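Just so you know, these numbers come straight off a predicted model, no measurement behind them.
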Amino acid sequence: MITLATKYDPKAVESKWYEYWESHGLFKSVPDGREPYCIVIPPPNVTGVLHMGHMLNNTIQDILIRHARMQGKNALWVPGTDHASIATEAKVVNRLAEQGITKRDLTREQFLEHAWAWTHEHGGIILKQLRKLGASCDWSRTAFTMDEVRSESVLKVFVDLYEKGYIYRALRMVHWDPKAQTALSDAEVEHKDEKSKLYYLRYYVADDDMTGETGAEGEVVRRDAQGRRYALVATTRPETIMGDTAMCINPKDPKNQWLRGKKVIVPLVNRVIPVIEDRYVDIEFGTGCLKVTPAHDPNDYMLGKTHNLETIDIFNPDATISAASPLYVGMDRVECRKQISQDLEAAGLMEKVEDYENKVGYSQRNPDTVVEPRLSKQWFLNMKHFAEIALPPVMNDELKFFPSKYKNIYKVWMEGIQDWCISRQLWWGHRIPAYYLPTANEDEEVYVVALTEAEALEKARKIPGYENIQAADLRHDENALDTWFSSWLWPISLFDGINHPGNDEIKYYYPTSDLVTAPDIIFFWVARMIMAGYEYAGDMPFRNVYFTGLVRDSLGRKMSKQLGNSPDPLKLIDKFGADGVRMGMMLCAPAGNDILFDEALCEQGRNFNNKIWNAFRLVKGWEVADIAQPEHSRLAVQWFHAVLDKTIAEVEDLYSKFRLNEALMAVYRLFWEEFSAWYLEIVKPAYQQPIDGKTMEATLYFFDILLRLLHPFMPFITEELWQHIAERNDGESIMQARLPKPGDPDTAMLAAMAQAKEIISGVRNVRSVKNLPPRDLLCLQAVGEFDSPVASIIIKLAGLENIIAVAEKDAASAAFMVGTQEFAVPLAGNIDVEQELAKLEADLKHAQGFLAGVEKKLANERFVANAPEAVVALERKKQVDAQSKIATLTAAIAALRK
RNA sequence: GGGUGCUUAGCUCAGCUGGUUCAGAGCACCUGCCUUACAAGCAGGGGGUCAUUGGUUCGAAUCCGAUAGCGCCCACCA
C-alpha cells in the first residue's frame, strides 16, 4: 500500500507532465486519415506578457483542443505571436529614449535592428508562460506574423489586391495619432465622453460701415460697446482658429441673414475670411455660426471642398503648432488651447465659455492620446466587396457565432463598412511593396506595386517615359502596413496557403474548427479573417467563433494597472496550481458574459484538486480480497454506470454549445457529489476491511472515466492519477485516451437512487435534529407498503438496522415524508412532542395550501376544457397525492396529540 | 444621436418552443461534527412576491407593450 500526502501538491507534478507530453510529441499533429480539429491561437503581442485575458482565452482553447483529441480527432492548436506594429514600435521608441536616442537619429535599418533585438529578447516569453498553463500547442509550428512565410503572404496579398483594384492610394482626412505619428484606421479610434468647454468667440465684420440697420425680423445683430458688429462662433477647439478659412451659416437661418456675403475677421489672427452658406450648419446649435477649418475637421474639409476654401494645416505631425500658423508656432495643442483662450479673453474676443460634454476620439494603442483629423495621403482597401462575401455565411449560420448576439453587431458593421486605411507611418511592420518613380512635379505620383524591387523595375520600365529607369531611381514606400493586414491572413498563412494554395496542410486543416477570442476584436480581426478566408482560401476560416467575455475583477471593474486589481497569472499558478487556476477561470466564465474574476474561485479549484487526490488515496488504499460482492456494492456499480451515461451525454451536449463552465460544473458535481459523496460511501469497506474484486475493478474503471472527463479542464492532476490508476507504458497519456460513448441510462435505477437519497437524507436529518450518534444503528419504519430495489444501500448509508413496513408507526417517533410515503424513526420515548407537532403542522399547512391551489385550478372549467389532457391528468394526480398526504399528516398529528 | 442586450437567492449564473408537487446550481451564510480519504473536509439547514407595470392566456420567470436601472456596439454636429 502506498502512502500519499493528504494534500495534493501541484508543483511536484505539473512541470513533470508537461515535459513528458512535449518530449513524447503528444502535441504534434500532421495530416492523416482522422478527422481534423484545429484552432489557431489569437497571436499575442510578441513582446507581451501573460495577463488574465490570455489566461481565460487560452484555457478555453486548451479545453477544446484536449476534448477534441480525446474524441479521437487529429487535434492541432497552432501557436504564434503578432508583431503588433504600433505597440511594439512604441516600446522600442521608449527604450531608445531611455538611452537618449530618438527615432529620428536612426535610419530605418538601424531602427529595425533595435526592434528585432527587442523582439528576440522579449519575444516568446508569453509562449513559455502558456506552457505553465498546460497549453497543448504544437510548438513545432510556432509562427510569427513577420516571419518569412507570413511576410511573403502579406506582400503577395497586397500586390494581388492592388491588381484587383481594391487597394488604392488617396488623399483623405484620416485619424492621426500624434504620439505614434501615424495614421490609424477608423477602428483604432475609441470615442470617450468628455467634459469640455464651448468657447464663444467674436468674429468681427470686416470693413464694417457700422450702418445703423437693425436688420429684418428675427435677425440677431451683435454689436460691441463701440457699436462694431460681430458674429459669435461657438467652438470646442479655439486653438484651431489659426486654420480658419471661412465662417459658415445656414442660408435658411433668419438670425444670421445679415451676415450673408460679408467677410469676417478671425480673432487674434486678424485674417479676413468669407462668410459662406451651407445647409450643413445646424441653426439650433450655438449661434448658428460655424467656423470652418478645412484642415482639421472632416466636416469642414467637406465644406472646404464644396466651397473651394483654402486649407491651412496648422499642426505638425506631433500636434504642435506648425509654421503655417501665424501664432503660437511650436506650441503643443493642449498648451495652445490654454494660452489662446487666455489671450482671447484678454483681447475681449471671447464672450463666454460654457461647460459642454462631447465625444473625443482617442488612439486605441496610445490611450492618453487624442487623435487629430489630418489630411494625408494613405493607402486604402475598398471594403465593399469583402463585406459582400463575408456577411452572408454568418447571417445564415454556416459560420456560427457563440453567443449569437454578435451576429447583429457584425451585420451592422458590415452594412456600414468604410474603406480601411492600411498604411501606417511606422517602420516596424510589413513595408508596403510600392515603388515611386521620379517625377518632374512634386505633387505628381507615379508608382508601381510589386513583390520585389526587381519586379518593380520591370513594371516601371513598361511605363512610357520610364523605359530606362534604374533600380536606384526607385523609391520604396516608407510606410508599413497595419498589423491587422497580416493577422487577417493568419488561418491561411499558418499553413502557407497564400504562397502555396491547395497544399496538403491547408487542404487538411482548413477551414479550422473553432476560434476563441475576445469580442473587442470582432472587427479588427474576426470579420477581416472571414473576408480574407473567402477571398484567398475560398471558404470560411473557421466554423465557429466563441467570444469570451472581458475579465474583470470581482467588483466588475476592468482590470488595470492603476487599480492594481489585475493579478499576475503566474503567481496564481504558483499559489493554486495550473489546474486550480484553470478551474477558477472556468467557474466564472459563462459563455459570452464578462468574467468577474475572484481569487476565491482558484481556491475552489485547488480544493477540488485536493478532493480528487483524496478520493484517489482512498481507493488506492483498499486491499482486494477474494470475497463476495455485497449487494449494496453491486447496486452502486449498476447505479453509477447509469449516472455516467447520463452525465457524459449532458457534458457532450454542453461542449457542443460552448457552455464550458456548465460542462465543468457537471463533471465537478459528478465527481464530488455522485462519486465521492454517494458511490464511494456505499462501496467503502469498513475500516481496515478488504474490498471484493468486482467492486474494486468497477471503481477503478469509474475513476479512469472520471479522470478522462476532467482532463480537458485539469490536465495535470488527471494525468498524474491516470498514470497511477493502472500500469501504463512509457509514452502513454490520458491525453490520448478516448472518452466513452454514453449508453442509454438506466432510468429506473436513477429513480430508485433518487428516492433512496431522499430517505437517507431524511434519516440523517432526524439524527442531526435529535442528536443521535452517527454510529448507532436505527430502525426505519415505512408506513404502508415499502419496496425499494436499493434498500440495501439505504440501510448502509442511513446507518440502519433494518427497514420495516408497518401499518402504523410508533407513537414516539420522528417522522418525515418522501413523496407520498411516510417514514418514521422510533425514538423510544425521548421525543419532543411539541417540536414534532410543530413540524407536522407546518407540513400539513403547506400541503393544504398546495391542495387548495390545485383544486382551484381543477375547478376552473376553462382549464379542464382547454389544457392538454396530460396536464389535467397531472393536476388530478397532484390532487390525489396531496389528499393522501394530508390524511397521513392529520393522522400523525392526531396520534401525537393522544 | 442611432441600434442592441440584460435585470431570477448575499454573489455569479441556469431555467430551451408558456403547464414535470407553487423556481435550480456553485460559492457565501447558519448549526453540529477534528467520524482513520479529504477541516482545502463531512452531515444538516435557512434564503427568491423571478426589476416595476399593463396586457395576451384556463395557466406567465417564460409571450407582447410601457417604465426604470445597468451594459455593449455604432456615429464627423461645431
Side-chain angles (χ1 to χ4, degrees), chain A residues 4 6-8 173 186 191 198 233-237 248 280-282 284-286 289-293 297-302 356 358-359 361 373 403 405-406 408-410 412-413 416 519-520 522-523 550 554 556 576 580 587-590 593-596 598 600-601 603-622 659 661-662 665-666 668-669 676-677 680-681 684 687-688 761 764-769 771 773-775 819-820 846-847 849-851 853-854 857 860-868 870-872 874-875 877-879 881-882 885:
Chain A
L4 296 164
T6 61
K7 294 209 175 6
Y8 170 64
M173 190 64 92
D186 299 347
H191 295 275
L198 197 55
V233 172
T235 180
T236 53
R237 302 201 58 191
C248 190
Y280 163 74
V281 176
D282 181 353
E284 301 304 317
F285 189 90
C289 295
L290 173 74
K291 69 185 212 60
V292 183
T293 320
D297 183 280
N299 300 305
D300 293 11
Y301 177 63
M302 175 201 79
Y356 188 67
N358 65 343
K359 302 270 183 166
K405 65 179 176 183
Y406 290 107
N408 198 35
I409 292 173
Y410 181 83
V412 170
W413 189 75
D520 55 347
I522 181 170
F523 306 133
L550 244 49
S554 58
F576 301 106
L587 277 173
C588 59
N593 283 9
D594 280 355
I595 314 309
L596 272 64
D598 191 335
L601 293 163
E603 200 177 324
Q604 195 186 342
R606 181 200 58 184
N607 294 354
F608 185 43
N609 278 307
N610 206 45
K611 185 72 189 177
I612 299 168
W613 178 256
N614 277 295
F616 173 76
R617 282 179 61 225
L618 172 69
V619 173
K620 264 310 199 188
W622 290 338
R659 300 176 78 144
N661 71 318
E662 288 176 58
M665 194 44 74
Y668 174 81
R669 296 185 61 202
S676 299
L680 289 180
E681 290 302 327
K684 183 158 89 177
Y687 183 56
Q688 289 190 333
S761 286
R764 284 174 175 171
N765 186 16
V766 170
R767 267 190 210 278
S768 174
V769 173
N771 269 320
R775 296 240 174 87
T820 57
H846 183 263
F850 178 73
L851 180 64
V854 172
K857 226 178 196 181
N860 182 338
E861 280 173 35
R862 291 193 294 177
F863 169 71
V864 179
N866 292 324
V871 174
V872 178
L874 186 69
E875 289 303 314
K877 180 168 186 304
K878 285 186 199 171
Q879 183 184 28
D881 287 351
K885 190 167 179 176

Could you please name the partner base of [N], counting Watson-Crick and G-U wobble pairs only when both distances are under 3.5 Å?
N	result
B:A60	none
B:C13	B:G24
B:A39	none

Expressed in whole Å, how much space separates the [atom1] atoms belonging to [N] and [M]?
N	M	atom1	result
B:C58	B:C74	P	46 Å
B:A25	B:G71	C1'	25 Å
B:C50	B:C63	C1'	16 Å
B:C72	B:G10	P	25 Å
B:G19	B:A66	P	25 Å
B:U67	B:C42	C1'	49 Å
B:A23	B:U62	C1'	11 Å
B:U53	B:C27	C1'	34 Å

Please tell me which of the listed nucleotides, [options], lies nearest to the side chain of [X]?
X	options	value
A:S761	B:U35, B:C58, B:G44	B:G44
A:S676	B:A75, B:C73, B:A37	B:A37
A:N607	B:U21, B:G41, B:C58	B:G41
A:H191	B:A78, B:A14, B:A75	B:A75

inquiry  = Quick check on RNA chain B: between A:N614 and A:N408, whose nearest nucleotide comes earlier from the 5' end?
reply    =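 This one resolves to A:N408.
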Toward the 5' end of RNA chain B, by each residue's nearest nucleotide, A:V281 or A:L596 =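 First, find each residue's nearest nucleotide; the 5'-ward one identifies A:L596.
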May I ask you to say what [X] touches in the nucleic acid, namely base, sugar-phosphate or nothing, with a heavy-atom cut-off under 4.0 Å?
X	answer
A:I409	sugar-phosphate
A:D282	base
A:Y356	sugar-phosphate

key: Interatomic distance where CG belongs to A:N610 and C1' belongs to B:A37 [whole Å]   =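 Rounded to the whole Å, the gap is 10 Å.
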ask   = What is the distance, rounded to the nearest whole Å, between atom CG of A:L587 and atom P of B:C11?
value =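 Whole-Å distance recorded here is 19 Å.
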inquiry  = Testing the 3.5 Å rule here: is there a donor-acceptor pair between the side chains of A:N609 and A:R606?
reply    =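 Checked: A:N609/A:R606 side chains show no N/O donor-acceptor pair below 3.5 Å.
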Can a side chain N or O of [X] be found less than 4.0 Å away from OP1 or OP2 on [N]?
X	N	result
A:R669	B:C27	no
A:N771	B:G32	no
A:Y668	B:C27	yes
A:Y406	B:U4	no
A:K611	B:A37	no

request  = Identify whether the distance between the nearest side-chain nitrogen and carboxylate oxygen of A:K877 and A:D881 falls below 4.0 Å.
outcome  =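 Between A:D881 and A:K877 there is a salt bridge, with a charged N closer than 4.0 Å to a carboxylate O.
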task = Go through the N and O atoms of the side chain of A:E284 and the base of B:A78, and report whether any donor-acceptor pair is under 3.5 Å.
result =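 When only heavy-atom distances are counted, A:E284 does not reach the base of B:A78 through any donor-acceptor pair under 3.5 Å.
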query = Does a side-chain heavy-atom distance below 4.5 Å link A:P519 with A:Y406?
reply =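 A:P519 vs A:Y406: side chains touch.
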